[in-house]
A.B. asks: 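Can you read through this structure? Questions will come right after.
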Amino acid sequence: MTAPLAGSLPDPPKHVAIIMDGNGRWAAARGQSRQSGHQAGAGPVRTVLKAASNLGVKYLTLYAFSTENWARGQDEVENLFALLTQYLDSEVAELLQEGVRLKGVGDLKRLPQEVLTALAQAEELTAHNKGITLSLALSYGSRAELTAATRDLAIKVKAGEIAPSDINEDLLAQSLWTGTLPDVDLLIRTGGEKRISNFLLWRIAYAELYFTETLWPDFGEEDLKAAIADFHSRQRRYGRTI
Ligand code: IPE
Ligand code: IPE
Ligand code: MG
């Protein structure tokens, strides 16, 4: 690791991923519905995106809906997708202005048509932006992602397009839904749970993990800065000695 020059700031983490958890508990603590918790969760998405971009983060990946979240009640699932569509429609002008490139990652074909349409539109409009890449993990689960990538590679081998010996870490990584993303440097989970919940298993191999009790609707710029400051206090060794 190179020591930063005296007085200069250390490089920010290039890729920050966040498990945005705690909306339901935030609402329950106020005697409100889970729905209002999810609604309150949109504010921090805006704040954190802006703050991350200003801090020089190049990739921000947010876990918005997991493969396993399909098992929630139909009302909650429908509400989450309505909020997401609303977010995409109302935010796209701002994303354009801020130079944000938006991407959806996950088993996107399972998403309701209106979400797919809003997502495709936002992706297309922001495709040439040069600022931070915001990836929304939707209908995302790492096991499903690795399974799909394995199946794709098997199909290519069977078709004679590649040989089994062509399969290496790079090719497998490129075959993932997150194929164009770099490895995660800093993974943040809000809401107090200390688990990964099937998020970005391949990409977090050497990520620094940061868990906070703060519930997602309460998470703000100072919380992001605290997580990044903590990241800078870590010594990343990647298995080597220093
Ligand atoms: C995270 O908040 C949002 C999603 C999973 C979509 P939760 O809804 O999981 O909130 P808690 O964990 O029940 O508080
Ligand atoms: C993880 O939160 C998924 C998202 C934040 C979208 P969950 O609330 O679904 O995770 P568990 O069930 O506590 O592991
Ligand atoms: Mg939760």
Side-chain angles (χ1 to χ4, degrees), residues 13-21 45 48-49 52 57-72 77 80-81 83-85 87-88 91-92 95 100-129 131-159 161-162 164 166-189 195-207 209:
K14 183 174 176 188
H15 186 179
V16 175
I18 308 183
I19 302 173
M20 308 182 290
D21 196 23
V45 172
V48 165
L49 172 62
V57 172
K58 298 281 181 244
Y59 295 86
L60 177 68
T61 304
L62 301 177
Y63 207 3
F65 190 85
S66 75
T67 309
E68 291 70 28
N69 289 151
W70 285 110
R72 293 192 179 193
V77 171
L80 277 165
F81 287 127
L83 285 169
L84 179 70
T85 310
Y87 170 83
L88 290 169
E91 263 353 77
V92 73
L95 298 178
V100 177
R101 189 159 55 130
L102 185 126
K103 302 283 280 175
V105 289
D107 192 3
L108 303 179
K109 62 184 182 307
R110 285 185 77 180
L111 298 176
Q113 191 52 50
E114 67 272 19
V115 182
L116 279 178
T117 307
L119 188 63
Q121 210 161 28
E123 284 186 341
E124 198 182 311
L125 279 168
T126 64
H128 301 294
N129 282 349
I132 190 169
T133 297
L134 170 64
S135 303
L136 295 179
L138 296 166
S139 187
Y140 177 87
S142 291
R143 287 182 172 181
E145 178 185 37
L146 283 158
T147 306
T150 306
R151 192 182 303 120
D152 284 353
L153 290 172
I155 290 169
K156 285 185 180 149
V157 169
K158 194 169 179 214
E161 290 170 32
I162 56 170
D166 291 331
I167 299 176
N168 56 25
E169 291 188 10
D170 285 341
L171 187 62
L172 179 49
Q174 284 163 29
S175 309
L176 299 171
W177 295 324
T178 49
T180 59
L181 295 179
D183 282 346
V184 174
D185 298 297
L186 171 62
L187 174 71
I188 300 171
R189 182 174 186 139
R195 56 176 172 254
I196 302 300
S197 301
N198 202 14
F199 191 40
L200 302 177
L201 295 181
W202 179 276
R203 293 282 172 211
I204 62 169
Y206 270 97
L209 309 181

A.B. asks: Between the side chain of Thr178 and the main-chain N/O of Leu181, is any donor-acceptor distance below 3.5 Å?
C.D. replies: no
A.B. asks: Considering all heavy atoms of both residues, which atom of Thr126 and which atom of Leu102 are nearest to each other, and what is their separation?
C.D. replies: OG1-N, 3.0 Å
A.B. asks: If only atom types and distance count, is the side chain of Asp185 paired as donor or acceptor with the main-chain N or O of Ala207 below 3.5 Å?
C.D. replies: no
A.B. asks: Considering all heavy atoms of both residues, which atom of Gly141 and which atom of Tyr63 are nearest to each other, and what is their separation?
C.D. replies: CA-OH, 4.4 Å
A.B. asks: Under the salt bridge (charged side-chain N to carboxylate O under 4.0 Å, His left out) rule, what do Arg203 and Asp183 come out as? Steps first, then yes or no, please.
C.D. replies: CA-CA 5 Å; Arg203 293 282 172 211; Asp183 282 346; 3.1 Å; yes
A.B. asks: Of all heavy-atom pairs between Val100 and Leu134, which one has the smallest distance, and what is that distance?
C.D. replies: CG1-CB, 3.8 Å
A.B. asks: Determine whether the side chains of Ser197 and Arg189 contain a donor N or O and an acceptor N or O closer than 3.5 Å.
C.D. replies: yes
A.B. asks: Determine whether more than 12 heavy atoms belonging to other residues, nucleotides or ligands lie under 6.0 Å from atom CD of Glu68.
C.D. replies: yes
A.B. asks: Given side chains that start at C-beta, do those of Thr133 and Lys58 come closer than 4.5 Å, heavy atoms only?
C.D. replies: no
A.B. asks: Measure the NZ-CG distance between Lys14 and Leu186 for me, rounded to the nearest 0.5 Å.
C.D. replies: 15.0 Å
A.B. asks: Taking salt bridge (Lys or Arg N to Asp or Glu O under 4.0 Å) as the cut-off, I'd like each qualifying pair that reaches into residues 133-148, sequence neighbours left out, listed once.
C.D. replies: none
A.B. asks: Could you tell me which residues satisfy ring-ring contact (aromatic ring centres under 6.0 Å, His included) with Tyr87, sequence neighbours excluded, listed by chain and number?
C.D. replies: none
A.B. asks: Ignoring hydrogens, what is the shortest heavy-atom contact between Val184 and Leu187? Give both atom names and the distance.
C.D. replies: CG1-N, 4.0 Å
A.B. asks: Please find the pair of heavy atoms, one from Ile196 and one from Ile19, that lie closest to each other, and give the distance.
C.D. replies: O-CD1, 3.5 Å
A.B. asks: Would a 4.5 Å heavy-atom cut-off, applied to side chains only, mark Leu95 and Leu88 as touching?
C.D. replies: no
A.B. asks: Answer whether the closest heavy-atom distance between the side chains of Tyr59 and Ile132 falls below 4.5 Å.
C.D. replies: no
A.B. asks: Out of curiosity, Asn168 CG to Gln174 CD, how far, rounded to the nearest 0.5 Å?
C.D. replies: 8.0 Å
A.B. asks: Identify all side-chain donor-acceptor contacts of residues 114-122 below 3.5 Å with residues at least two apart in sequence or on another chain.
C.D. replies:
residue, atom, partner, partner atom, Å
Thr117, OG1, Gln113, O, 2.9
Thr117, OG1, Gln113, NE2, 3.3

A.B. asks: Sequence neighbours left out, what passes side chain to side chain contact (heavy atoms under 4.5 Å, CB included) with Asp107? Give chain and number order.
C.D. replies: Lys109, Arg110, Ser139, Trp177
A.B. asks: To the nearest 0.5 Å, tell me how far Lys103 NZ sits from Leu138 CG.
C.D. replies: 13.0 Å
A.B. asks: With a cut-off of 6.0 Å (strictly less than), are more than 12 heavy atoms of other residues, nucleotides or ligands near CD of Glu161?
C.D. replies: yes
A.B. asks: What pairs with Leu172 under side chain to side chain contact (heavy atoms under 4.5 Å, CB included), at least two apart in sequence or on another chain?
C.D. replies: Ala149, Leu153, Trp202
A.B. asks: Mind telling me whether Tyr140 and Phe199 have parallel, tilted or perpendicular rings, with 30° and 60° as the class edges?
C.D. replies: perpendicular
A.B. asks: Taking the side chain as everything from C-beta on, heavy atoms only, tell me whether Val16 gets closer than 4.5 Å to Ile188.
C.D. replies: yes
A.B. asks: Leu83: which residues meet the side chain to side chain contact (heavy atoms under 4.5 Å, CB included) condition with it, sequence neighbours left out?
C.D. replies: His38, Gln39, Asn79, Gln86
A.B. asks: So how far is it from Ser66 OG to Asp21 CG, rounded to the nearest 0.5 Å?
C.D. replies: 10.0 Å
A.B. asks: Rounded to the nearest 0.5 Å, how far does CD1 of Ile204 lie from NE2 of His15?
C.D. replies: 11.0 Å
A.B. asks: For Ser135, does its backbone N or O pair with a side-chain atom of Thr61 as donor and acceptor, under 3.5 Å?
C.D. replies: no
A.B. asks: Using the side chain to side chain contact (heavy atoms under 4.5 Å, CB included) rule, take Leu62 and Val45 through it: C-alpha gap first, then chi angles, then the decisive distance, then the call.
C.D. replies: CA-CA 9 Å; Leu62 301 177; Val45 172; 3.9 Å; yes
A.B. asks: Do side-chain atoms of Asn129 reach the backbone of Gly131 as a donor and acceptor pair under 3.5 angstrom?
C.D. replies: no
